[in-house]
Amino acid sequence: MKKGALIGCGFFAQNHMHAWADVEGAAITALCDRDENRLKETAGRFGVERTYTDADELLKSEELDFVDIATTVLTHRRLVERAAGSNVHIICQKPFADTMADARAMTDAAADAGVTLMVHENFRWQSAIHAAKAELDKGAIGTPFWGRVSFRSAYDVYSGQPYLATDERFIIQDLGIHILDIARFLFGDARTISASTKRVNPAIWAEDVATMMLVHKSGVTSVVDCSYASRLSRESFPESLLEVDGSEGTLRLMPGYRLVVHNASGTRELDVSPPLLSWAERPWHNIQESVYNIQRHFIDCLNASGAPETSGLDNLKTLELVEAAYLSAAGNSRTIKLDTA
Ligand code: NAD
Ligand code: 89V
């Protein structure tokens, strides 16, 4: 049994806790949150007795295999470095870091301590995205040459996550990061990116619309677009939609988890709806299933001493896309060549 502690018992951490209860071979034995009310509520909800308001105290007092950091970005570097210093394996929520320098210092700290570091980047672990990847991997549409990963919504995300309305950065750092990671997952690493952003909603501080174009080493050109200001006739939050054109056909992941694959043999339409886990709630159920999948993957990696797919080192490439997108948008959408290319 892998023993873990959760640091940060806020809005999204509740999903982590529900998923940990389903992951065989792992158990959360201690909790930490500097907000006593949230700490008590979560401890009561999940029956965890060992609680702390200070992460250093927790790391000193608990015998742990891993920590799961579910706090917001500005606290990630200190908590990851402390955890590495205590020789425990680490999961850290996205966005991994506020700067590339912080992210590199965090991956270095984990490497120096010889511990596994995974970024909780769960969108690629949604079963609909995995189903699309499986079609591409078996060559159903030949060699992809063009793709689009799109997330367009007008869902009220601000009530559950008020910081999204006041942070200096919004949609690229919060949501774009997920669909940029999906673009890397489907089309491989990118050479260049260009981007444009806009703030439509006057009640928020930063950008709620972003359009990005990537050129991948694989030869694919992809468009990665997101909006929290798009009032559609059918709200599809939080679905990521896909379009991929290949040398032998096309693939479309449509609203309602309909995967349409067309090639010389005809058209197949697959229902790739995610399962509704016992504790999940629509419409968040696809994200909630991916929380279970990525935490399951982390424990499998610890048991096999393998590197997680979204390791700290891998996620540096997704984070660099985020940084480059902001740089491009601030510079008349100029094309940015990526260092990790
Ligand atoms: P939140 O503000 O609701 O919760 C964060 C909690 O961490 C708060 O209770 C706060 O008191 C606690 N905290 C902060 N610093 C701490 C410290 N040093 N020690 C102990 N406790 C500390 O935030 P949230 O909406 O739950 O988001 C948390 C993270 O999860 C963010 O990085 C966000 O981007 C990410 N997130 C990911 C997904 C997803 O994976 N799909 C969805 C939503 C949010
Ligand atoms: O998944 C997330 O990171 C969330 C949301 C779906 C609202 O963007 O912050």
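In listed order, ligands and their atoms are each counted from 1.
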Sub-3.5 Å N/O-N/O distance, F12 and ligand 1: yes

Nearest non-hydrogen protein atom, atom 3 (O) of ligand 1: F11 N, 2.9 Å

Other residues, nucleotides, ligands: >12 heavy atoms within 6.0 Å of N332 CG: no

Steps toward salt bridge (Lys or Arg N to Asp or Glu O under 4.0 Å) verdict (D189, K317): CA-CA 8 Å; D189 289 330; K317 297 178 183 171; 3.1 Å; yes

Region of Q93 that comes within reach of ligand 1 [heavy atoms, distance under 4.0 Å]: side chain

For H178, the ligand 1 atoms whose distance to one of its heavy atoms is below 4.0 Å: 41 (N)

Element-labelled atoms of ligand 2 that are located less than 4.0 Å from some non-hydrogen atom of F123: 1 (O)

Proximity winner for atom 9 (O) of ligand 2, if only heavy atoms of I179, D174, D156, I171 are counted: D174

T310 backbone acceptor or donor facing N315 side chain under 3.5 Å: no

Atoms of ligand 2, numbered as shown, that sit under 4.0 Å from any heavy atom of L175: 8 (O)

Audit row: R252, D245, salt bridge (Lys or Arg N to Asp or Glu O under 4.0 Å) steps and yes/no: CA-CA 9 Å; R252 297 289 184 268; D245 293 2; 2.9 Å; yes

Protein contact to atom 15 (N) of ligand 1 [nearest heavy atom, distance to 0.1 Å]: R34 CZ, 3.2 Å

Part of D33 within contact of ligand 1 (heavy atoms, under 4.0 Å): both

Best match, N122, I69, T42: closest heavy atom to atom 39 (C) of ligand 1: N122

For P95, the ligand 1 atoms whose distance to one of its heavy atoms is below 4.0 Å: 32 (O), 34 (O)

Nearest-neighbour protein heavy atom for atom 6 (C) of ligand 2, which is reported as residue plus atom name and distance: Y228 OH, 3.6 Å

Protein heavy atom at shortest distance from atom 25 (O) of ligand 1: Y163 OH, 2.7 Å

Nitrogen or oxygen of T53 less than 3.5 angstrom from that of ligand 1: no

Protein contact to atom 19 (N) of ligand 1 [nearest heavy atom, distance to 0.1 Å]: I7 CG2, 4.1 Å

Shortest protein heavy-atom distance from atom 7 (C) of ligand 2, along with the residue and atom involved: Q161 OE1, 3.2 Å

Location of contacts on T72 toward ligand 1, heavy atoms closer than 4.0 Å: both

Distance in Å, E309 CD paired with D181 CG, rounded so as to fall on 0.5 Å steps: 9.0 Å

Contact partition for K94 relative to ligand 1, non-hydrogen atoms under 4.0 Å: both

Shortest protein contact, atom 2 (C) of ligand 2 (heavy atom only): H178 NE2, 3.4 Å

Other residues, nucleotides, ligands: >12 heavy atoms within 6.0 Å of R50 CZ: no

Aromatic ring proximity, centroids under 6.0 angstrom, W284 and F237: yes

Atoms of ligand 1, numbered as shown, that sit under 4.0 Å from any heavy atom of T75: 15 (N)

Pair F46 + W279: ring centers closer than 6.0 Å: no

D271 vs R258, salt bridge (Lys or Arg N to Asp or Glu O under 4.0 Å): CA-CA, chis, key distance, verdict: CA-CA 5 Å; D271 177 356; R258 289 180 303 120; over 6 Å; no

H178 ring center within less than 6.0 Å of F151 ring center: no

contact_flag Y155 ligand 2 heavy-atom lt 4.0 Å: no

Winner among Q126, Q161, R38 once heavy atoms are compared against atom 2 (O) of ligand 1: R38

Sidechain-backbone polar pair: H216 side chain, G188 backbone, donor-acceptor under 3.5 Å: yes

Which segment of A70 sits under 4.0 Å of ligand 1 when only heavy atoms are counted: backbone

Salt-bridge contact R38-D33 (side-chain N to carboxylate O under 4.0 Å): no

is_close_aromatic(F185, F123), centroid dist under 6.0 Å: no

Aromatic contact, F170 with Y158 (centres under 6.0 Å): yes

F12 and ligand 2 - part of the residue with a heavy-atom distance under 4.0 Å: neither

Which of the ligand 1 atoms, numbered from 1, are nearer than 4.0 Å to a heavy atom of G10: 3 (O), 4 (O), 6 (C), 9 (O), 26 (O)

Shortest reach to atom 13 (N) of ligand 1 by a heavy atom, considering only T71, D35, V119: T71

Same apolar cluster (I L V M F W Y, side chains within < 4.5 Å links), Y52/I90: yes

